[in-house]
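Encoded as structure tokens, the structure appears first; notes follow it.
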Amino acid sequence: MKQKAYFPFTAIVGQEKMKRALILNLINPALGGVLIKGEKGTAKSTAVRALTQVMPERREVRDCQFSCDPDDKSCQCDDCREKEEHEIVMRRMRVVDLPVSATEDRVVGTLDIEKALTTGEKHFEPGILAEANRNILYIDEINLLDDHVVDVILDSAAMGVNNVEREGVSFSHPARFVLVGTMNPEEGDLRPQLLDRFGLVADIRGETDIEMRTEVVKRCLEYESDPDKFLEKWQPEQDKLCRRISKAHELLGKVTCSDDILRLAAEISVSLGVDGHRADIAMIKTAMTNAAYEGRISVVNDDMKLAAELVLPHRMRRKPFEEQRLDIDSVFEMIESRDVT
Amino acid sequence: MNGYTFPFTAVAGQDRVKLALILNAIDPAIGGVLISGEKGTAKSTLVRGLASASGKRVTELPLNVTEDRLVGTLDLSCAVKDGERHFESGLLYEADGNFLYVDEVNLLSAHISNILTEAVSTGENIVQRDGISYRHPCRFALVGTMNPEEGSLRPQLLDRFGLFVNARSETDIEVRTEIIRRRLEYENDPTMFLRKCRDKEEALAERISAASERLDDISVPDGIVQLIALTASRSCCEGNRCELILAETARALCAWRGGTEVNADDVSEAAKFVLPHRMRNDTSVEVSESSGSSQDTSDEENYDNERSENDISENEQTGSSTDKPENRQDNTESAGRELPLSADGIKTDKKKNGGSGKRSRCVTNELTGRYVRSRIPTGKCCDIALIPTLCGAALHQQQRTPLEGMSIAVRSSDLRCKIREKHTGATILFVVDASGSMGAKRRMRAVKGAVRGLLSEAYRKRDRVGVVAFRGEDAQVLLSITSSPELARRCMDELPTGGKTPLAAGIAAAGELLRAERIRMPDALQYLILISDGKANVPLDGTDPFGDALSAAERIGAAPIGTMVLDTENSYIRFGFAKKIAERMGAEYIRLDEVTGSAVEENVLGFVGKNIV
């Protein structure tokens with residue numbers, strides 16, 4: 001099947017924070033996903049769907065429902081783990097959609113009705129979470145999702161495992177996915193517990209710069225009049241980004257982080273009074289991934305600043321009806337005040 | 001499928017959580033532990049890590065478990081193929097003699113939670129369903145984790161947990177740094193990391209099993225027994241379960257430290273784990289220690305109600321007085337010191353909550369919501385629960401012949417349909433008089449304050465709030481029904497007042513808004529709060545302003561909407577218009593002497609809490 005054409009990722013004008021957050025998650029799927037908050041029409045969905053074309057290829061067990069990694073026994077499904085040898089295919093990561101109307105059964109998987117009726121046996125029919133393993137799970141308007149569906153997604157996201165004990169079936173399979181959600185904050189908030197599970201949050205606004213806005217319109221018109229030609233024109237940029245991501249992925253294992261930086265992350269979290277320890281860990285991992293993306297093997301101040309901007313805002317304790325503004329300047333000062341490089 | 005878990009011993013800090021879990025591993029009779037704490041404090045990590053440290057299995061109970069998988073059911077394939085009835089065991093069977101772990105236990109559906117409560121208290125699972133009659137012992141240590149921000153736990157389930165412990169983030173920079181360091185190391189190479197930790201893990205497992213073996217040899221002197229009884233009675237805990245668990249815990253503590261005789265320190269240490277969640281009222285420590293007076297004991301065993309109303313009334317009582325959310329910080333700090341008898345986590349959420357998810361957890365007829373169990377349908381069945389249906393059919397297979405290609409013959413009499421549960425919030429619509437009189441500005445400010453208060457907790461209660469204001473010639477939707485504090489802030493930034501009083505238009509507009517909302521969210525409970533002095537002077541379309549208002553009120557009264565009128569009339573001569581509107585609407589009528597945000601919010605919460613449909 002020919003892949004559906006999407007607006008090229010690299011052709012999206014502006015929205016650098018969102019783009020960077022998405023790219024970092026491709027490089028390091030352990031970052032814990034991105035929540036993109038913004039008004040309508042700010043290229044949120046376009047960007048997520050466009051990711052497909054810049055995603056690196058990776059090894060997969062052929063015909064495995066869960067796209068298992070042949071090289072990592074620790075998170076394979078039961079079938080793959082039992083086998084010594086695997087047939088391997090190279091595939092790109094995929095974007096798996098979870099529509100807001102999805103029922104719990106479709107999300108976690110359910111009983112295979114046909115088998116039950118014809119053979120009287122109970123078999124598990126995998127759902128969206130199975131498909132999402134090692135891929136991107138994309139939820140548009142995540143704040144409108146039913147609470148109980150959110151709960152199970154949370155659960156799987158936290159454990160990396162989907163545990164099903166429903167309708168006579170008992171089954172569990174790996175479900176490690178990059179959770180990408182978009183929401184328009186005017187339509188209601190997410191519960192803080194869910195917010196915290198997102199590694200990064202990118203707040204976006206429509207570009208206000210006239211030049212930029214003009215460019216947006218120009219490119220959209222160009223794309224619509226002849227998509228193929230537009231894609232072709234942007235292909236070199238796309239390839240470049242793709243290569244850069246692959247390289248960063250390889251480099252990531254070599255990136256180191258000084259003790260001083262670790263301590264800095266802890267101090268920032270304590271001074272802001274964020275709940276729990278996820279912020280510290282996410283900050284460091286984001287900084288390391290950004291370093292890899294920039295082609296460096298050690299974390300510098302700029303990495304920490306970017307990480308702080310993406311990791312902290314949504315973890316601030318909220319005070320109702322006040323702008324939950326993170327005083328990012330004071331955080332930057334903390335970072336600047338130490339010569340960590 | 002079980003992936004790697006982060007090793008128990010490699011978790012930095014969280015010593016009290018660790019100790020609570022270890023004590024349960026030493027002596028399962030303690031009956032489990034409830035770990036309450038903010039997000040991201042390694043609660044779940046520790047519980048999952050317990051398996052390798054204790055040598056016991058940790059059976060996980062997913063939130064979306066269905067009844068059949070929890071208690072067990074008819075073995076379907078056996079029934080179909082051989083026509084025999086066999087029991088297919090569920091999670092309760094698997095958990096027997098082990099740990100049963102429920103993550104986010106406060107989000108468990110009411111029905112599953114009841115089954116669990118019953119199983120824990122009887123130590124036995126009795127299955128009478130789908131033509132199966134079976135019973136087996138199920139004694140397990142129940143381990144739950146919860147984030148109190150997400151809502152409180154059903155009180156009946158609460159005191160089934162042997163111990164209670166609060167998890168907080170570490171504040172020491174060194175410890176925090178160490179936490180990051182270890183996490184990075186683990187993610188970088190889990191296999192290597194696990195190998196590095198193996199010695200420590202084994203040492204812990206050995207120490208636990210040694211302590212466990214020594215348990216029976218540990219003596220409990222008479223004086224200590226008395227101390228235990230005294231401690232329990234002073235803290236106003238009911239029943240004797242408290243004493244027993246206190247004794248077990250103290251003994252396990254003694255075994256853990258390598259002692260041979262339980263001493264007073266063991267008891268006071270144990271009390272910190274055992275007492276916090278058992279103290280009935282959330283009165284302060286001083287009261288419970290000094291008086292030991294009898295407390296409200298009515299709600300011990302009635303867990304048959306779906307919505308647990310006791311809980312709510314209990315909350316309302318304590319509502320306004322002592323600890324406002326802001327005080328929580330101080331609370332937390334003091335509890336960190338030596339205050340064995342306080343459970344700040346529980347305390348605050350119990351009261352702040354006003355019934356949290358519970359007030360709004362209802363069985364729904366919609367096809368959405370979480371499927372928890374099945375029933376025999378009354379009327380047409382369009383939401384078939386397949387497995388129960390097949391189980392029903394399987395019992396009759398000897399007398400039937402299946403269609404070709406099918407292994408089982410199903411008749412309409414076998415059909416079972418799903419019962420679903422869903423959380424829905426309340427929809428609260430304010431209709432406020434913004435017209436001319438002096439009071440308008442005050443009323444608007446009060447509404448703004450109330451909306452702010454209600455929405456600040458909305459993510460937890462799933463409440464949605466809207467505001468309709470009327471002034472001049474018409475009514476205006478100031479804030480369409482929303483749960484977003486952000487949106488509310490923006491929409492209610494400017495509140496124009498002045499002009500005439502089109503009361504009828506206001507009521508009618510509110511009715512329209514709520515009707516549309518009922519179509520979108522049929523499960524939500526709706527409330528209309530009218531804030532006005534009732535002095536209408538603009539008619540809807542005729543010539544009688546007040547008459548129009550009355551008939552608009554009557555139409556509201558006929559709709560499934562809970563209504564309340566807050567009368568703001570405060571002149572010397574009272575006309576009582578608002579009261580008449582209220583009567584026609586069938587509304588609760590309250591005269592507000594003081595028009596402030598908190599007064600409005602309090603009245604609304606009280607009203608909504610009381611009027612659960």
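Chain identifiers are assigned alphabetically (A, B, ...) following the order of the sequence lines, protein sequences preceding nucleic acid strands; residue numbering begins at 1 within each chain. Side-chain atoms are counted along with the backbone in the values below, which use heavy atoms only and exclude waters and symmetry mates.
- In this structure, B:Asp68 contributes its side chain and A:Gly168 its backbone to a donor-acceptor pair below 3.5 Å.
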Run A:Lys285 and B:Leu184 through side-chain contact (heavy atoms from CB on, under 4.5 Å) and show every step you take.
CA-CA 8 Å; A:Lys285 287 204 291 200; B:Leu184 288 179; 3.7 Å; yes
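- Between B:Lys418 and A:Asp105, at least one side-chain nitrogen of the basic residue sits less than 4.0 Å from a carboxylate oxygen of the acidic one, meeting the salt-bridge criterion.
- When heavy atoms are compared at a cutoff of 4.5 Å, B:Glu170 approaches chain A by way of both its backbone and its side chain.
- B:Arg181 touches chain A through backbone and side chain together, each having a heavy atom under 4.5 Å away.
- Only the backbone of B:Leu74 comes within less than 4.5 Å of a heavy atom in chain A; its side chain stays farther off.
- B:Glu67 and A:Arg166 are not joined by a salt bridge, as no carboxylate oxygen comes within less than 4.0 angstrom of a charged side-chain nitrogen.
- For a residue to count as touching a neighbouring chain, one of its non-hydrogen atoms must lie under 4.5 Å from one of that chain's; by this rule A:Met283 does not touch chain B.
- Annotation: maximal heavy-atom pairing with chain B below 4.5 Å, among A:Ala116, A:Ala30, A:Cys257, occurs at A:Ala116.
- The contact between A:Ile113 and chain B is made by backbone and side chain atoms together, counting heavy-atom distances below 4.5 Å.
- Neither the backbone nor the side chain of B:Leu61 comes within contact range of chain A; no heavy atoms are under 4.5 Å apart.
- Both the backbone and the side chain of B:Ile180 have a heavy atom closer than 4.5 Å to some heavy atom of chain A.
- If you measure heavy-atom distances from B:Asn64 to chain A, the contacts under 4.5 Å come from both the backbone and the side chain.
- For a residue to count as touching a neighbouring chain, one of its non-hydrogen atoms must lie under 4.5 Å from one of that chain's; by this rule B:Glu174 touches chain A with the side chain only.
- For B:Ile173, the parts lying under 4.5 angstrom from a heavy atom of chain A are both the backbone and the side chain.
- Nearest heavy atom pair, residue B:Ser169 against residue A:Gly276, reads OG-N, 3.1 Å.
- Using a cut-off of 4.0 Å between Lys/Arg side-chain N and Asp/Glu carboxylate O, B:Arg69 and A:Glu167 are scored as not salt-bridged.
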Tell me, with the steps shown, if A:Ile281 and B:Ile179 meet side-chain contact (heavy atoms from CB on, under 4.5 Å).
CA-CA 8 Å; A:Ile281 295 167; B:Ile179 290 171; 4.3 Å; yes
Let me see the working for B:Glu187 and A:Arg176 under salt bridge (charged side-chain N to carboxylate O under 4.0 Å, His left out), right down to the final yes or no.
CA-CA 13 Å; B:Glu187 283 183 13; A:Arg176 286 165 190 261; over 6 Å; no
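- Counting heavy-atom neighbours within 6.0 Å of A:Ile297 CD1, excluding the residue itself, gives a total of 12 or less.
- Looking at B:Glu88 and A:Lys122, their side chains come closer than 4.5 Å, going by heavy atoms from C-beta outward.
- Only the backbone of A:Val169 comes within less than 4.5 Å of a heavy atom in chain B; its side chain stays farther off.
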